[in-house]
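Take a look at the structure below.
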Amino acid sequence: MKIDNIEMNILKSFLEVIIPSNDDMPSAKDIDLNLDNILKENQKYIKPTKQIVDFIQREPAARVMGGVLSLTEIQKIDILKMTEHLFPDEFAIFIELIYLGYYSNPEVHKKINWTLDQDKKDFNLTPFDDSILDNISKRDPFWRKA
Amino acid sequence: MAKNLPFVDIVIVGSGASGAACAWKLSTSGASIVLLEQGDWFNNYPGDTQDWEIRLKNDFHFNPNVRNLKSDYEILDENSDISPLMFNAVGGSTHHWTAHTPRLHPSDFRVKTLDGVADDWPISYWDLEKYYDLNDEMMGCSGIKGDPANPPRSARPMPPLPLGIDGERIAKAADRLGWHWWPSDSYQASIDYKGREGLNNNGSYHNKKLWEAIASTDHVYIKPAIKNGLELRTNSIVESVQVDSKGNVNGVVYRDTKNNTYFQKAGKVILACNGIGTPRLLLNSSSKQNPNGLSNSSGLVGKNLMFHPYAIVNGYYPEEDIDYSLGSLGNILIVQEFYETDPKRDFLRGYSFQMNRSTSPAMTALGSGSPTIVPWGNSHHNEFKKRFRRFSTMAIISEDLPELHNRVEIVSGNSNTLPIPKIYYKTSDNTKKLLNHGIGKAKELLKEAGCVETTTIPVLRSGGWHLMGTTKMGDDPKNSVVNANCESHDVKNLYIVDGSVFTTSAAVNPTPTIQAIALMTADKILKG
Ligand SMILES: Cc1cc2nc3c(=O)[nH]c(=O)nc-3n(C[C@H](O)[C@H](O)[C@H](O)COP(=O)(O)OP(=O)(O)OC[C@H]3O[C@@H](n4cnc5c(N)ncnc54)[C@H](O)[C@@H]3O)c2cc1C
């Protein structure tokens, strides 16, 4: 099973509603979520995604002239809310797919100052210092004898 | 027809935390030992690549039903409040674990005597003490002795992991409230230790270095055991334990990936398949002699399943400029102020807090200890900002009292698989009251530490990482499956060494105790 081009285009047309842009952050539509690859590698997303897209396509608002791709932002939000309400489990997996794509993107990592570079100096924590135990060490043992 | 293989002294089934420790100890004796493991060697940890969080939710998912690798088996959990988690490979679930490694308290072994509930264990803390020490040494324990909530213990082989800014905040808050806290014992190396690279300072739950700093039994126990002469057979799924006409154990039947079946004859059989895999195997080993499954004259195989239900309280800090995600995820500190039974409370037994810290970007967006994901839509970025690197988690680990109706059964799968375990589990009223108490106390602590908002998950469904109780240890064959030596009451030379043998669950992570029991059992076998 795979997501075909039509389904992918419909899905993509909802991305900016799911994660919109703001002054600091790009929308999910502005960046490459690598969805083709994630879907290829991880089958669990395909069926729920197909189900969500299918529901969207069959929504009356999406069947009027212009089809899904000409829905307004408000219409898209309404359809997504309804989908979430009717298919909570499938919708959760669908959202997981989008969030994983978004938050695995290097551009997003840069914006939120997240790095995979383990040798970066900021990662260093000061080693454990015994003096923090001064107070608790004064307490008498209180485990129950048995 | 199964192919007969030459006799060996001992067969061990399962190479996770317990099977590996037991195999290593026995391998020092020169006995012929075969270790059968349904999975393969594994070192394909996620980390260091952009897709690591995607892998955490897929092929490295903690839930085998989601992960669905070749070595995994399905577990039917729709009748359970909690989903069981495990990993099936050489090293078992120690490939997934956080390695937070507290010990049981002496009182945990005497709950009937002290509190009039469940049963006392037939062994004591003091019987296990030297095996705890040996295991701490082998697995490599970071920590510091002197904890007033626990009996004195040997010097820890490595210093504690750093507490981090958040750990220090919580520790000082506990001090101000007059509550106990102590740096966690952990099998994550804080300094270089026996060939493992220490990871004292850089954390964040996302790198190969971290997985490698955490002890897994494939490296710690199995490789040295192989050097001692242990024979490991991977990709070998044991289907049943066999007994002779006198009812004595005489080997196991197993299958390889090409569906060839073998009968491995053995003098002793040791099961270490975890709290679900072991009852599954025993129930599947029924015969004319043992129609209800092997070693099941008590009817207790699969019963008394315990999980340690967890409640989760997240506390969110107001400061935007401090990064609360640095350091190891869950090896920070433990609070045991409310561990022992207090007659003034409306529940029996008690709980620990294990502190966890903020997590990575996608995990934060997908909830990470919060009851809700970061919402999609216009509020997404603001809400993400409020959570990302800004929270501490108090995980409340409850003592889970054994109840017969919480159980593992088996139902038939397709003809090509072993039967599928089906889990029935309901969180008890006592546990709910206990968790409620813990939630209130966790909020108090987080508020004292400076958190301005908290969220709560009353019982964490995805928290079935501790699998216990399903082949209970005890002196009375009518009321237990194995004796104090972990040998079956019914079947001579059949042993069980995983978490199934726990008589009660206590309120701490169980693995050091599981491994201490495995080492003790091996020692007793060696001493005859
Ligand atoms: C995400 C996660 C985090 C955890 N964190 C902690 C922690 O911080 N502290 C702690 O104390 N514990 C923790 N645990 C629990 C810990 O991992 C387990 O308690 C421990 O590994 C149990 O050891 P075991 O030997 O009983 O079983 P496992 O380690 O699960 O090993 C069982 C092995 O048996 C094999 N097996 C099963 N059936 C068969 C069969 N029929 N034939 C052949 N082989 C078979 C399996 O493949 C597996 O390798 C965590 C667990 C998880 C999943």
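Quick note on labels: first sequence line is chain A, next is B, and so on, each numbered from 1.
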Heavy-atom contact with chain B under 4.5 Å, split by part of A:Lys81: both

Rounding to 0.5 Å, atoms CG (B:Leu366) and CG (A:Leu100) come to a distance of 5.5 Å

Rounded to the nearest 0.5 Å, how far does CG of A:Leu125 lie from CG of B:Leu326? 5.5 Å

Tell me, do B:Asp115 and A:Arg144 make a side-chain contact under 4.5 Å, heavy atoms counted? yes

Point-to-point distance, once rounded to the nearest 0.5 Å, from CG of B:Asn65 to NZ of A:Lys44: 12.0 Å

Before giving the answer on side chain to side chain contact (heavy atoms under 4.5 Å, CB included), spell out for B:Gln50 and A:His109 the whole-Å C-alpha distance, their side-chain angles and the decisive distance to 0.1 Å. CA-CA 9 Å; B:Gln50 290 294 142; A:His109 281 183; 3.3 Å; yes

Would you indicate whether the side-chain heavy atoms of B:Pro361 and A:Ile112 approach each other to under 4.5 Å? yes

Side chain, backbone, both or neither of A:Asp130 within contact of chain B (heavy atoms, under 4.5 Å): side chain

Side chain, backbone, both or neither: which part of A:Phe91 has an atom under 4.5 Å from a heavy atom of chain B? side chain

Any side-chain heavy-atom pair of A:Asn113 and B:Arg389 under 4.5 Å: yes

Residue B:Ile144 versus chain A: region with a heavy atom under 4.5 Å: side chain

Is it the side chain or the backbone of B:Phe109 that comes within 4.5 Å of chain A heavy atoms, both, or neither? neither

Might you confirm whether atom NZ of A:Lys29 has over 12 heavy atoms from other residues, nucleotides or ligands at distances under 6.0 Å? no

The interface call for B:Thr113 against chain A, heavy-atom contacts under 4.5 Å, is neither

Run the numbers on A:Phe128 and B:Leu161 for side chain to side chain contact (heavy atoms under 4.5 Å, CB included), then give the verdict. CA-CA 6 Å; A:Phe128 182 80; B:Leu161 291 153; over 6 Å; no

Counting only heavy atoms closer than 4.5 Å, note whether B:Pro151 contacts chain A via side chain, backbone, both or neither. both

Out of A:Ile95, A:Asp129, A:Leu97, A:Leu80, which one racks up the most heavy-atom pairs below 4.5 Å with chain B? A:Leu80

With rounding to the nearest 0.5 angstrom, report the CD1 to NZ distance, A:Ile93 to B:Lys57. 10.0 Å

Kindly check if the number of other-residue, nucleotide or ligand heavy atoms within 6.0 Å of CD1 (A:Ile74) is above 12? no

Under 4.0 Å between a side-chain nitrogen and a carboxylate oxygen: does that hold for B:Asp147 and A:Arg139? no

Which bit of B:Gln336 comes within less than 4.5 Å of chain A, counting heavy atoms only: side chain, backbone, both or neither? backbone

I'd like to verify something: which residue of B:Glu337, B:Met363, B:Arg110 has the highest number of heavy-atom pairs under 4.5 Å with chain A? B:Glu337

Nearest heavy-atom approach of A:Trp114 to B:Ser325 is CZ3-OG, 4.1 Å

Looking only at heavy atoms, the pair that brings B:His180 and A:Ile136 closest together is CA-CD1, 3.7 Å

Proximal component of B:Ala149, with respect to chain A [non-hydrogen, under 4.5 Å]: both

Locate the shortest heavy-atom distance separating A:Tyr99 from B:Ala362; write the atom from each residue and the value. O-CB, 4.5 Å

Quick one: closest heavy-atom pair of B:Pro148 and A:Trp143, and the distance? O-CD1, 3.5 Å

How long is the span from the CD atom in A:Glu96 to the CD atom in B:Glu53, to the nearest 0.5 Å? 11.0 Å

Test A:Asn22 against every option in B:His380, B:Lys385, B:His381 by the side chain to side chain contact (heavy atoms under 4.5 Å, CB included) rule and name the one that passes. B:His381

Does A:Thr126 reach the side chain of B:Leu163, with side-chain heavy atoms less than 4.5 Å apart? no

Less than 4.5 Å to any heavy atom of chain A: does that hold for the side chain of B:Phe388, its backbone, both, or neither? side chain

Between A:Ile132 and B:Trp181, what is the shortest heavy-atom contact and its length? O-CZ2, 3.5 Å

Roughly how far, to the nearest 0.5 Å, is CD1 of A:Ile38 from CD1 of B:Ile54? 3.5 Å

When every non-hydrogen atom of B:Gly377 is compared with those of A:Pro20, the smallest separation belongs to O-CD, 3.3 Å

Side-chain donor-acceptor pair present, B:Trp376, A:Glu84, cut-off under 3.5 Å: yes

